[in-house]
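Heads up, the thing below is written out as structure tokens.
Numbered from 1 within each chain, the chains take letters A, B, ... in sequence-line order.
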Number of protein chains: 4
Amino acid sequence: MRDVMTNVTGPARVDQDRKAPGRPRSARADGAIVDAVLDLLSEGTTAEALSIEAVATRAGVGKATIYRRWPNKEALLVDAVASIKGGLPHVRGESVREDLLMMLRQVGRVDSTRASRITPGILAQLHHNSELQRCYQKMLEPRRELMRGVLRRGIERGELRPDIDVDVVMTMLVAPLVAQTLLHWNPNLEPSAMPERLVDAIWPAIAAP
Amino acid sequence: MRDVMTNVTGPARVDQDRKAPGRPRSARADGAIVDAVLDLLSEGTTAEALSIEAVATRAGVGKATIYRRWPNKEALLVDAVASIKGGLPHVRGESVREDLLMMLRQVGRVDSTRASRITPGILAQLHHNSELQRCYQKMLEPRRELMRGVLRRGIERGELRPDIDVDVVMTMLVAPLVAQTLLHWNPNLEPSAMPERLVDAIWPAIAAP
Amino acid sequence: MRDVMTNVTGPARVDQDRKAPGRPRSARADGAIVDAVLDLLSEGTTAEALSIEAVATRAGVGKATIYRRWPNKEALLVDAVASIKGGLPHVRGESVREDLLMMLRQVGRVDSTRASRITPGILAQLHHNSELQRCYQKMLEPRRELMRGVLRRGIERGELRPDIDVDVVMTMLVAPLVAQTLLHWNPNLEPSAMPERLVDAIWPAIAAP
Amino acid sequence: MRDVMTNVTGPARVDQDRKAPGRPRSARADGAIVDAVLDLLSEGTTAEALSIEAVATRAGVGKATIYRRWPNKEALLVDAVASIKGGLPHVRGESVREDLLMMLRQVGRVDSTRASRITPGILAQLHHNSELQRCYQKMLEPRRELMRGVLRRGIERGELRPDIDVDVVMTMLVAPLVAQTLLHWNPNLEPSAMPERLVDAIWPAIAAP
DNA sequence: TACTAAGCGAGACGGTACGTCGCGTCTTCTT
DNA sequence: AAGAAGACGCGACGTACCGTCTCGCTTAGTA
């Protein structure tokens, strides 16, 4: 209904199609707020140090206008991140291997954006705040579905074994990459080389014989 | 279990050998403070949300006593994480599959060790603070080495293919498990069933033909 | 009981006789708003603490509907107070002492009439707002006149000394009672016993010798 | 123990004589806060419009430092008023009539001070806020005791009848005066003439025959 | 034994940001 | 054109912690 750039979570608005009564929320404000967040972050403010007060001032907006839309700082950050993650990657669909690599490389590319400065803080909040979790899932799901489609198509076309554990394989590809890219989990592994090494490592287990 | 004297930054203490005048610092306080930090983290407090005020209260210590020893919250966190020790799982060494499952199940038993309960709170700070990162790695490394040993032994005994990408395989097993257990990354995957599904999924790619 | 049409400031309505175009203002709204104000005041809300937001909600009315009629909170209060009417006590007229006691006991029965429940909330505003003061006096005057009549009748009939300071005596009877009943001015004096003690205390000074 | 000028309510401090632990409250802050209140009021800020935020800024003090001492705006105002009401009136003790007049004139003189702008708002709050009431009583009691003493001395010396209802008489003198001075209760009565008229009116009832 | 110096707990200090509430105005759709 | 609903920018509320600063009290080593 409303769409702040590629805003995924959006205000906690009723999912009805019929118009809500009263003055509608200002799209200008939505934009100004998210922009203010990204501005401040890109000027060196830490995600953790970012204050709603500063966002409101920068956006030329009342604090209440922010709290009307997002329940807390984290949720706002999720939206801000989502808005710069941009559209879903486009897969060519000719080769499973190629499609997987393309998608994984896109995850890795997150590092080069402002998102990497924000995401870890959100990850740590995920298991404390179920509402935030819901928002985050809502952002991830389309991406997850995309990869699921690639694997399923691979099975249908005989490229992949039909008995593979699709969701587990997906997580085995993405989770290590995220852990490396955002958290530097294992210092021995260079993030940029991860997509290939991950696909190579799992390939014998999923490729059709 | 804990050992503040091996801490990394340590109290800002004079490097002289001759005794300083006045009342010496209380070792009880050192311990109580670090313990309080670990307690709070293991009770779900985020590293970011951890307040010195709460640490002081929990430790039964004045705030000044903390600031006398550590210049800021981050330094205290580093020391606290550095003090985590021990608790490695014991592997039987008879079968690679069995050993992997045992280690993964230990990761999954999030509530069993304080160390693992502390992890989620720390995650968000990891990429902000390279010193903290180093300490965290120091805690992880023995566990990593243990799993590395299991895989290498499997290769030597011919159970596993000799060309597997050891570190990547390890990360592909552990990262998804951590992502599910601590962050509920993918809501479709039940954490308790993950160890088996992960090993099953990667097995055809690592088992000797 | 209430009569908004006799209000003092009245809605900021055009002074033309010819019908204004568009939808006419709702009389229901006028009434509901004033009633809401009186309800809130009688429930203990201070005039100062009374919020337009609460009035609008209670009246089931939009805020704009209030601001369309009254320029600010004070004007609304004035109108609300002005709308209070009726409920004068009935005096038997056989004995001055008895009549005074009856009237004073009525003042003490704070919860019996909405008018008296409203008084404390209004008190604080009185000296800020002369318009409000005028309205309040308009409500008090009939009650004052009633008591004045009792005293004058007492003088005429020889029950009271002819030289008493009528208005001062009245205030000496009523003000202490109000101070005790509404403000608990002196914690040593039980409000319910005040009417008798007041009349007894002044009696030797006013009774005919 | 502590004494902000003539501060009556003071911080809600334990009434023990033994020192409280921790850093003691700053007397400078006490003074600066009360001064800031009086400054702002005397610059035209309404009691109702006075904001703690502004007081803190003006006093060069953190908001918490104010809230540590006073539970709310009203209590702070009571103290501020008390601090300018100054010391108790000095009675000569030669004639009851003269002493009463002197004390009543002092009440009337309140009008000329900044207190009159504050007191009515406090009066209206009295019956809502028992804590405030306690504070207010604490300020009134010495004044009440003073008048009680005058009347008792009058009885002992045979100037007054021995059977008068002391507390009621006191209230009959003070309450009307306050009602006129601060609230302009009865527009027919000129405040400045009240002391004499009040004493004259009650005198025949209390003077020894 | 007394003196000196630092550490100790407690908690107040001037601040910053929080998330909430109400202001008086505005914008939407409905009557 | 007025109705209700409710969002808007604004500004104060009272709370929580920050990192610093007194307090009076240990608890040592030194004189």
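An OP1 or OP2 oxygen of F:dA4 is reached within less than 4.0 angstrom by a side-chain nitrogen or oxygen of C:T65. Dashed line: the shortest gap from a side-chain N or O of D:R68 to OP1 or OP2 of F:dA16 is not under 4.0 Å.
The distance between atom CD1 of C:I66 and atom C1' of F:dA5, rounded to the nearest whole Å, is 13 Å. One interatomic measurement links the two molecules: CD1 of D:I52 to P of F:dG11, which rounds to 18 Å at whole-angstrom precision. Rounded to a whole Å, the CG atom of D:L50 is 11 Å from the P atom of F:dA12. Between the CG atom of D:N72 and the C1' atom of F:dA12 there is a distance of 15 Å, rounded to whole Å.
Here the options are C:V37, C:N72, C:V61, the test is side-chain contact (heavy atoms from CB on, under 4.5 Å), and the partner is C:I66; only C:V61 passes.
In 5' to 3' order, the nucleotides of DNA chain E bounding all contacts with chain A (an atom under 4.0 Å from a heavy atom) are E:dA17 to E:dT28.
Candidate nucleotides F:dG14, F:dG9, F:dT20 were compared by shortest atom distance to the side chain of D:R23, and F:dT20 ranks first.
Residues A:G62 and A:A56 come closest through the heavy atom pair C-CB, 4.2 Å. For the residue pair C:S42 and C:D39, the shortest heavy atom distance occurs at OG-O, 2.8 Å. Nearest heavy atoms, D:A29 versus D:R69: CB-NH2, 3.7 Å.
Summary of the strand contacts: B:E53 and D:S51 both lie near DNA chain F, and taking for each the nucleotide with the nearest heavy atom, the more 5' one is attributed to D:S51. Mapping B:A29 and A:G22 onto DNA chain E by nearest heavy atom places B:A29 closer to the 5' end of the strand.
Remark: side-chain polar atoms of B:K73 are paired, donor with acceptor, to backbone N or O of B:L50 under 3.5 angstrom. Checked by atom type and distance alone, the side chain of B:T45 never pairs as donor or acceptor with a backbone atom of B:L41 at under 3.5 Å.
We find that A:R58 and A:E43 are joined by a salt bridge, their nearest charged nitrogen and carboxylate oxygen being less than 4.0 Å apart.
The closest side-chain heavy-atom distance from C:Y67 to C:L76 is not below 4.5 Å. Residues A:W70 and A:I33 have side chains in contact (heavy-atom distance under 4.5 Å, counting atoms from C-beta outward).
Within residues 56-64 of chain B, the residues that have a heavy atom under 4.0 Å from DNA chain E are, in order of number, B:G60, B:V61, B:G62, B:K63.
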